[in-house]
Amino acid sequence: MLELHHVEKLFLGDKGIHDITITFQSGEIYGILGRNGSGKTTLLKCILGLLEVDKGQILLNGKPACEQLQDIAFASADGSSLPYMKGKEYGQFLAQYYPSFSMEDYLHFLNRFELDAQERIASLSKGGKMKIELAAAFAQHAKLILMDEPFTSLDMYAKEDCIHAVLEEVMEERILLISTHDIAEIETIADGCLVLENGRLAEVFTMDDLHEQGEDLKTRLAAYRPEKDKENRE
């Protein structure tokens with residue numbers, strides 16, 4: 001279980017996240033949605049401990065999440081891998097720091113994503129680097145997996161393969177939080193979504209509730225489109 005209690009992290013100009021309280025259960029996939037600057041990446045970085053919160057608590061199975069980094073995996077479109085290493089070397093590097101990291105699974109995902117384990121990461125395309133991030137995250141066997149824009153740089157076939165991998169990897173003891181602008185992709189895999197607006201938690205809903213109300217995700221999110229954009233579309 002991941003619990004956020006009144007979490008706040010503010011920057012100049014009142015930017016950041018304000019008083020976020022929410023709980024995620026093991027086995028759940030949740031999309032984190034919102035416009036640019038709404039606080040999605042800030043929220044993930046606070047959970048990961050890359051940013052120190054100003055107020056509140058973030059608990060993973062009852063203990064501070066920042067003290068359990070071995071149980072948290074992070075995959076980002078910005079890249080966190082070491083570009084001077086080859087794919088296989090990067091896996092060997094991670095295996096030294098994460099006891100649950102499986103080199104066998106890592107190589108399996110590299111192969112599944114059609115990556116050469118002997119190719120230097122720096123020479124890969126942006127999509128290839130994202131695949132390295134995903135392979136590493138899945139192979140870590142973490143209790144919590146955080147993904148920041150994982151679909152952005154992937155082609156249509158890689159997106160489909162990534163989605164299948166996500167669904168296969170979510171077992172009862174794992175939680176996946178995915179920050180994304182890709183509505184179509186997240187709607188196919190998420191159990192629910194939370195929407196951030198100006199750093200605040202605007203709403204939380206499950207996909208089952210959404211569909212029972214006769215809505216799809218695109219329709220639900222239309223309410224958060226800026227008025228200027230609405231006028232232009234009309």
Do the side chain of [X] and the main chain of [Y] share a donor and acceptor less than 3.5 angstrom apart?
| X | Y | value |
| --- | --- | --- |
| Asp216 | Thr219 | yes |
| Gln68 | Lys63 | yes |
| Glu28 | Gln25 | yes |
| Arg174 | Leu144 | no |
| Asp191 | Ile29 | yes |
| Gln140 | Phe101 | no |
| Glu89 | Lys86 | yes |
| Glu8 | His18 | no |
| Tyr98 | Ile72 | no |
| Asp116 | Gln118 | yes |

Report yes if some heavy atom in the side chain of [X] is under 4.5 Å from a heavy atom in the side chain of [Y]; otherwise report no.
| X | Y | value |
| --- | --- | --- |
| Leu177 | Phe24 | yes |
| Lys126 | Lys129 | no |
| Gln57 | Val7 | no |
| Met130 | Pro150 | yes |
| Phe11 | Thr42 | yes |
| Lys55 | His6 | no |

Reported [atom1]-to-[atom2] distance for the pair [X] and [Y], which is rounded to 0.5 angstrom:
| X | Y | atom1 | atom2 | answer |
| --- | --- | --- | --- | --- |
| Glu114 | Lys131 | CD | NZ | 6.0 Å |
| Arg220 | Cys193 | CZ | SG | 10.0 Å |
| Ser76 | Leu48 | OG | CG | 10.0 Å |
| Leu59 | Ile47 | CG | CD1 | 11.5 Å |
| Glu212 | Thr206 | CD | OG1 | 7.0 Å |
| Ile183 | Leu33 | CD1 | CG | 7.0 Å |

If we ignore angles and hydrogens, is there a donor and acceptor under 3.5 Å between the side chains of His141 and Asp105?
yes
So, Tyr224 and Glu203: side-chain donor and acceptor under 3.5 Å apart, yes or no?
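Result is yes, a qualifying pair exists.
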Should the heavy atoms of other residues, nucleotides or ligands under 6.0 Å from [atom1] of [X] be counted, would the total exceed 12?
| X | atom1 | answer |
| --- | --- | --- |
| Lys9 | NZ | yes |
| Gln70 | CD | yes |
| Glu52 | CD | no |
| Glu104 | CD | no |

Verdict with supporting geometry, Tyr97 and Phe93, ring-ring contact (aromatic ring centres under 6.0 Å, His included)
CA-CA 7 Å; Tyr97 294 94; Phe93 169 79; 5.0 Å; yes
Could you pull out the closest heavy-atom pair between [X] and [Y], with the gap in Å?
| X | Y | value |
| --- | --- | --- |
| Ala142 | Asp71 | CB-O, 3.2 Å |
| Leu201 | Thr21 | CD2-O, 3.7 Å |
| Ile58 | Cys46 | CD1-O, 3.5 Å |
| Ala135 | Phe113 | N-CE1, 4.0 Å |
| Ser26 | Ile175 | CA-CG1, 3.6 Å |
| Gly31 | Ala190 | N-CB, 4.2 Å |

Membership question, hydrophobic clusters at under 4.5 Å side-chain separation (ILVMFWY): are [Y] and [X] in the same one?
| X | Y | value |
| --- | --- | --- |
| Leu2 | Leu69 | yes |
| Met1 | Val204 | no |
| Leu10 | Ile20 | no |
| Met85 | Leu110 | yes |
| Leu51 | Leu43 | no |

The complete set of ring pair (Phe, Tyr, Trp, His ring centres under 6.0 Å) pairs with one or both residues in residues 174-214, sequence neighbours excluded, reads none
Any chance you could lay out the salt bridge (Lys or Arg N to Asp or Glu O under 4.0 Å) test for Arg35 and Glu197, step after step, and finish with the verdict?
CA-CA 7 Å; Arg35 290 180 288 165; Glu197 180 78 355; 2.9 Å; yes
Sort out for me which residue in Asp148, Thr180, Leu194 forms a side chain to side chain contact (heavy atoms under 4.5 Å, CB included) with Ile32.
Leu194
Taking the inter-plane angle between the rings of Phe109 and Phe138 on a 0 to 90° scale, is it parallel (under 30°), tilted (30 to 60°) or perpendicular (over 60°)?
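Ring orientation of Phe109 relative to Phe138: tilted.
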